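What follows is a single structure, written as structure tokens, with notes after it.
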Amino acid sequence: LTGALALALSFAQPAAAITVGFAQVGSESGWRTSFSESVKAEAKRRGIDLKFSDAQQKQENQIKAVRSFVAQQVDAIMIAPVVETGWRPVLREARRADIPVVILDRNIRVKDPSMYLTRIASDFVEEGRRAAEWLMQETGGNCDILELQGTVGATAAIDRMKGFKEIIGEYPNAGIVRSQTGEFTRTKGKEVMEAMLKAEGGGEELCALWSHNDEMAIGAIQAIREAGLKPGEDILVVSVDGVPDYFKAMAEGTANATVELTPHLGGPAFDVIDRYLGGDRDIDKQITTTGDLYTQETAAEEYRKRTGG
Ligand code: GZL
């Protein structure tokens, strides 16, 4: 009997490949594209059939993508929500179809946490705190700051602002003098920085730029230079993401610090999906991945590590 059993088992099919739908925000930043590439590579490595959708930063495209994943009866859905609100109807449809939903990176605001399986993300408030702590140390707490906000309504922008303000609020001689959204992109970051520098009469008295992501900071560095000031010296630059181009800027002295945000969220997401599909119902509601702060001291080496340069 054991022989027959062993023989039967040897023909047992490998676990059937699962199909996962991924509603991604877009490709607005270097971090975002690394995140997408990392998820696709991880799906390939695991033999997962990934249905990928790029919403060009529009929530209605994300919702359409999720609807189509439900219609295709995928095994699981991953959403990287562009903004926090407006998700309840489509999440109800996924739940009615008994399809688990994993939230990646930014958050959604829903009253009923059973609408999604878990959220895998960095602690954006802590990222803001770490950026501010570095800047206060660097300037002795004496600093007039410009802020480039991320996408309005995005958790990353809301929470990074919150964490940064919590720390500088402890320093009477530090403050944000102007704050505007650069929508997480390089082009808009440059445009808005130009306008803010003009509004500040050129920017000579300014001390630092706090940018919610490296992409906008890289655009702003151009604007600082074109205003006749030295980025990284006349105006310190502190940001979040840790993309290679920003490590390059720090190595060249035009940027000063960044808090790394890992783009590798695919692995933990597929792990939790496998666990759920395997029957595990004891899954944490939040899986946090917060990165370290990097400065000019290690920038050249970190750049080489990330680009194999
Ligand atoms: C934050 C993420 C942000 C990145 C930006 O986790 O949502 O979106 O910091 C990206 O680069 O646009």
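These values consider heavy atoms only, across backbone and side chains, with no hydrogens, waters or symmetry-generated copies. Here the structure is a predicted model, which means the values were calculated and not measured. First listed ligand is number 1; within each ligand, the first listed atom is number 1.
Note on ring orientation: taking the six-membered ring where Trp is involved, the planes of F35 and F22 are tilted (angle from 30° to 60°).
If you check the side chains of E84 and T155, you find a donor sitting under 3.5 Å from an acceptor.
Put simply, the side chain of D284 never gets that close to the backbone of Q286: no donor and acceptor are under 3.5 Å apart. Formation of a donor-acceptor pair under 3.5 Å by the T298 side chain with backbone atoms of Y294 is not found in this model.
For a heavy-atom separation below 4.0 Å, the residues in contact with ligand 1 are E28, S29, W31, R32, D105, R106, F124, A156, R160, F184, N213, D241, L261.
Under the 4.0 Å criterion applied to side-chain N and carboxylate O atoms, D271 and R46 are assigned as salt-bridge partners.
Pairs of residues two or more places apart, or lying in two chains, that qualify as salt bridge (charged side-chain N to carboxylate O under 4.0 Å, His left out) and include a residue from residues 63-77 are R67-E93.
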